Undergrad: 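Dropping a structure here in structure tokens format, bear with me for questions.
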Amino acid sequence: MTLFLAEVVGLWYVVSNVVGATAGGVVSFLLGRNWVFKSKQSRWEHQAFRYVIAVLVSIGLNTLGVWLLVENTQLQLAFAKMIVAVIIGVTVNFFMFRYFVFR
């Protein structure tokens with residue numbers, strides 16, 4: 001979604017990144033609650049509140065990382081997005097979701 005909005009629609013890549021990360025966040029919550037962590041004991045509203053906090057941190061870190069790579073290196077947006085998404089996904093998102101959101 002990020003690349004589509006930036007490359008096809010022509011939206012500024014920072015805004016495209018926020019929109020793409022938000023859409024991914026909704027899908028991630030549904031998959032995390034129902035499939036990955038099988039965490040249906042807690043009320044979904046409580047998990048959703050904690051999830052929003054975690055996703056805001058993730059979106060901020062993703063957007064900052066993409067901006068830093070695009071502005072300070074010769075990397076194209078697609079490569080910067082992939083690198084940052086993997087780093088944040090493995091180091092921040094998994095642990096926040098597992099131990100804070102879906103505990």
Side-chain angles (χ1 to χ4, degrees):
M1 180 172 279
T2 298
L3 297 176
F4 174 78
L5 291 173
E7 302 295 331
V8 176
V9 176
L11 201 58
W12 185 38
Y13 73 90
V14 173
V15 174
S16 299
N17 191 72
V18 171
V19 173
T22 302
V26 172
V27 172
S28 177
F29 175 76
L30 295 172
L31 290 175
R33 176 175 168 79
N34 297 307
W35 184 58
V36 177
F37 300 114
K38 296 182 178 32
S39 180
K40 295 182 183 179
Q41 289 79 10
S42 297
R43 293 183 54 183
W44 74 268
E45 298 92 343
H46 297 146
Q47 289 177 334
F49 178 74
R50 290 190 304 266
Y51 188 82
V52 167
I53 294 169
V55 165
L56 289 175
V57 169
S58 178
I59 289 171
L61 291 173
N62 268 286
T63 302
L64 177 63
V66 168
W67 178 77
L68 286 171
L69 284 179
V70 168
E71 295 297 323
N72 295 304
T73 70
Q74 298 298 317
L75 283 177
Q76 293 179 339
L77 174 61
F79 294 116
K81 177 68 178 165
M82 285 187 278
I83 290 167
V84 172
V86 169
I87 291 170
I88 298 301
V90 171
T91 62
V92 176
N93 291 356
F94 176 78
F95 292 103
M96 284 185 66
F97 295 159
R98 178 68 184 111
Y99 298 107
F100 177 63
V101 178
F102 301 112
R103 54 188 167 148

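Just so you know, these numbers use all the heavy atoms, side chains as well, and skip hydrogens, waters and symmetry mates. On a predicted model such as this, the values are computed, not experimentally measured, just so you know.
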Undergrad: Search all heavy atoms of Ala21 against all heavy atoms of Thr2 and return the closest pair with its distance.
TA: N-OG1, 4.5 Å

Undergrad: Could you tell me whether the side chain of Ser28 and the main chain of Gly24 form a donor-acceptor pair under 3.5 Å?
TA: no

Undergrad: Is the shortest heavy-atom distance from the side chain of Phe29 to the side chain of Val55 under 4.5 Å?
TA: no

Undergrad: Could you measure the distance from the CD1 atom of Ile59 to the OG1 atom of Thr22? Nearest 0.5 Å is fine.
TA: 3.5 Å

Undergrad: What about Trp35 and Phe97, same hydrophobic cluster or not, with Ile/Leu/Val/Met/Phe/Trp/Tyr joined at side-chain heavy-atom distances under 4.5 Å?
TA: yes

Undergrad: With distance as the sole test, does Ser58 use its side chain to make a donor-acceptor pair with the main-chain N or O of Ala54 at under 3.5 Å?
TA: no

Undergrad: Describe, in one word, how the ring planes of Phe102 and Tyr51 are oriented to each other, choosing from parallel (under 30°), tilted (30 to 60°) and perpendicular (over 60°).
TA: tilted

Undergrad: To the nearest 0.5 Å, how far apart are CD1 in Ile87 and CG in Leu61?
TA: 11.0 Å

Undergrad: For atom CZ of Phe95, decide whether the heavy atoms of other residues, nucleotides or ligands shown that lie under 6.0 angstrom number more than 12.
TA: no

Undergrad: Quick check on the hydrophobic clustering: are Val9 and Val19 connected, directly or via other members, by side-chain heavy-atom contacts under 4.5 Å?
TA: yes

Undergrad: Could you go step by step and tell me if Tyr13 and Trp67 meet the side-chain contact (heavy atoms from CB on, under 4.5 Å) rule?
TA: CA-CA 8 Å; Tyr13 73 90; Trp67 178 77; 3.2 Å; yes

Undergrad: Between Trp44 and Leu31, is there shared hydrophobic-cluster membership here, with clusters defined by ILVMFWY side-chain heavy atoms closer than 4.5 Å?
TA: no

Undergrad: Can you tell me how far apart CG (Leu68) and CG (Leu75) are? Round to the nearest 0.5 Å.
TA: 12.0 Å

Undergrad: Under 4.5 Å between any side-chain heavy atoms of Val14 and Val66, yes or no?
TA: no

Undergrad: Closest approach of Val84 and Gly65, non-hydrogen atoms and distance?
TA: CG2-C, 3.5 Å

Undergrad: What heavy-atom pair brings Leu3 and Ala78 nearest, and what distance separates the two atoms?
TA: CD2-CA, 3.7 Å

Undergrad: Give the cluster check for Val15 versus Phe4: same hydrophobic cluster or not, with ILVMFWY residues linked at side-chain heavy-atom distances below 4.5 Å.
TA: yes

Undergrad: What are the two closest non-hydrogen atoms of Glu7 and Leu77, and how far apart are they?
TA: OE2-CD2, 4.1 Å

Undergrad: Answer yes or no: are there more than 12 heavy-atom neighbours, outside Gln74 itself, under 6.0 Å from its atom CD?
TA: no

Undergrad: Over all heavy atoms of both residues, which pair between Ser16 and Ala6 is shortest? Give the atoms and the distance, please.
TA: OG-N, 3.3 Å

Undergrad: Please check if Leu56 and Met96 belong to a single hydrophobic cluster, counting links between Ile, Leu, Val, Met, Phe, Trp and Tyr side chain heavy atoms closer than 4.5 Å.
TA: no

Undergrad: Roughly how far apart are Ile88 CD1 and Asn62 CG, rounded to 0.5 Å?
TA: 5.5 Å

